[in-house]
Amino acid sequence: MPTEQQGESPQETAAAGTSAAATGAFPHLPTPTEPPVTEQGGGAPSELPATERAARRAVTVFPVLVLVAGAAGLIRPGAFSGWAPATPWLLGVVMFSMGLTLTLPDFTAVARRPWAVGLGLVAHYVIMPGLGWLVATVLDLPPQLAAGVILVGCAPSGTASNVVTFLARGDVALSVSVATVSTVLAPLVTPPLTLLLAGQFLDVDAGSMVTDILKTVLLPVVAGLVVRLVAGRLVVRVLRALPWVSAVTIALIVVTVVSGSADQIRGAAGMVLLAVVLHNGLGLALGYGAGALARLGRPASRAMAFEVGMQNSGLAASLATAHFSPAAALPAAVFSVWHNVSGAVVAAWMARGARRGAQAPAATLED
């Protein structure tokens with residue numbers, strides 16, 4: 001991944017601040033009515049301290065919740081037997097919450113930047129599925145695990161990618177646009193990609209998968225958007241609670257998946273973790289590289305890294321459980337923990353580089 005320690009141009013810094021303020025997709029992020037403030041050490045705009053603290057708290061607590069849920073499912077699998085049928089409904093709650101956070105400007109932003117959004121979508125649905133197949137093949141994973149890794153790669157962008165992009169001082173408006181469109185297109189893209197790449201490992205019923213994604217992803221998102229349009233003032237009052245609703249719900253999905261395949265986890269934990277780390281790490285690096293190669297600028301390249309490297313692992317776990325087996329859902333369960341941990345770490349590293357780059361011109365002017 002290209003270094004983030006170099007200075008940024010004033011135009012790039014301004015773009016990052018403006019795009020971060022433009023989004024309404026994550027309730028902890030600034031809105032256009034929340035002007036940026038300046039850091040003590042330099043003149044570059046940054047976000048409100050309270051906003052950043054809330055965002056950091058979200059990406060810190062979420063992996064902990066998922067870890068605790070996974071441990072509970074592994075230690076006491078019998079306590080959660082029979083929960084599997086609830087997984088699609090739980091995912092629907094997560095996607096409905098996402099729909100509630102969307103606004104019409106999130107969609108009009110796509111029309112204003114079709115090249116960048118299109119590049120993000122192509123990178124997302126080419127890099128991660130391809131990496132999933134490559135990792136599964138190189139590691140010679142068993143068919144169920146191989147299909148699970150590939151299914152993670154074929155899923156749309158992760159629900160936490162926007163806030164991690166914000167913490168990295170990336171282009172949040174681009175992040176929101178790519179995440180939104182990749183989710184809307186998932187019923188059309190995820191099933192055929194899974195059939196193409198995972199079909200050599202297991203039988204894939206792409207038609208049934210389309211129906212499931214429509215019911216558990218697209219319809220809840222559209223329903224949430226409609227509720228936001230009809231009862232916007234009421235929704236605004238509960239926006240800050242939505243990330244935590246999603247976090248708890250995803251934790252419930254993880255405990256269900258893990259408890260359903262606790263024996264397999266004990267025998268394949270190391271291999272699954274290696275596959276997930278390689279898949280996620282290469283996705284982050286290649287996503288950033290795609291943005292840099294297209295000369296989108298550093299803030300947009302940071303957004304590309306997280307939109308490519310972070311996946312909707314809740315959807316992957318639900319589809320794997322329904323169409324393959326609980327064992328096939330293991331990569332998604334591990335990915336849901338790991339990509340939030342790695343995302344937070346990479347975001348902190350990128351933000352540190354952005355701050356240094358912003359402070360360097362100010363120091364030169366003072367001299």
Side-chain angles (χ1 to χ4, degrees), residues 63 66-67 70-71 73-74 77 84 87 124-158 186 189-206 208-209 212-213 250 253-287 308-343:
V66 177
L67 277 172
L74 192 62
T87 302
H124 179 87
Y125 278 122
V126 170
I127 291 175
M128 288 304 279
L131 284 176
W133 178 87
L134 182 64
V135 168
T137 302
V138 170
L139 295 182
D140 194 23
L141 296 178
Q144 297 288 343
L145 295 181
V149 170
I150 292 170
L151 186 52
V152 169
C154 296
S157 296
V189 180
T190 297
L193 276 177
T194 305
L195 175 62
L196 174 67
L197 298 174
Q200 68 184 82
F201 299 100
L202 293 174
D203 291 333
V204 178
D205 186 348
S208 178
M209 196 175 287
D212 284 350
I213 297 176
I250 291 176
I253 294 174
V254 169
V255 73
T256 303
V257 170
V258 171
S259 64
S261 51
D263 293 336
Q264 293 94 325
I265 291 178
R266 296 186 183 97
M271 185 62 70
V272 172
L273 180 60
L274 175 60
V276 166
V277 171
L278 288 173
H279 198 186
N280 171 243
L282 290 171
L284 291 171
L286 292 178
V308 171
M310 299 184 72
Q311 302 292 94
N312 189 332
S313 49
L315 172 61
S318 176
L319 292 176
T321 302
H323 293 271
F324 302 138
S325 70
L330 286 181
V334 176
F335 202 98
S336 68
V337 179
W338 177 255
H339 77 156
N340 284 284
V341 174
S342 66

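For reference, positions follow the sequence shown, starting with 1.
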How close do [X] and [Y] get, heavy atom to heavy atom, and via which atoms?
X	Y	result
Y125	P129	O-CG, 3.2 Å
T190	T194	O-OG1, 2.7 Å
P191	A186	CD-O, 3.3 Å
L284	S342	CD1-OG, 4.1 Å
H339	Q311	CE1-O, 3.0 Å

If you round to the nearest 0.5 Å, how far is CE of M128 from CG of L282?
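One finds 9.0 Å between CG of L282 and CE of M128.
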Measure the CE-NE2 distance between M310 and H124 for me, rounded to the nearest 0.5 Å.
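Spacing of CE (M310) from NE2 (H124) equals 11.5 Å.
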By side-chain contact (heavy atoms from CB on, under 4.5 Å), which residues pair with V257, not counting sequence neighbours?
I253, A317, T321, A329, A333
In chain order, what residues pass the side-chain contact (heavy atoms from CB on, under 4.5 Å) check against V334, with sequence neighbours excluded?
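Per chain and number, V334 pairs via side-chain contact (heavy atoms from CB on, under 4.5 Å) with V272, L273, V276.
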A side-chain contact here means heavy atoms from C-beta on lying under 4.5 Å apart; do H323 and D212 qualify?
yes
Using atom types as modelled, flag every donor-acceptor pair under 3.5 Å from a side chain in residues 137-156 to any protein atom, sequence neighbours excluded.
{"residue": "T137", "atom": "OG1", "partner": "W133", "partner atom": "O", "Å": "2.8"}
{"residue": "Q144", "atom": "OE1", "partner": "S325", "partner atom": "OG", "Å": "2.7"}

Stepwise side chain to side chain contact (heavy atoms under 4.5 Å, CB included) test for H279 and L134:
CA-CA 9 Å; H279 198 186; L134 182 64; over 6 Å; no
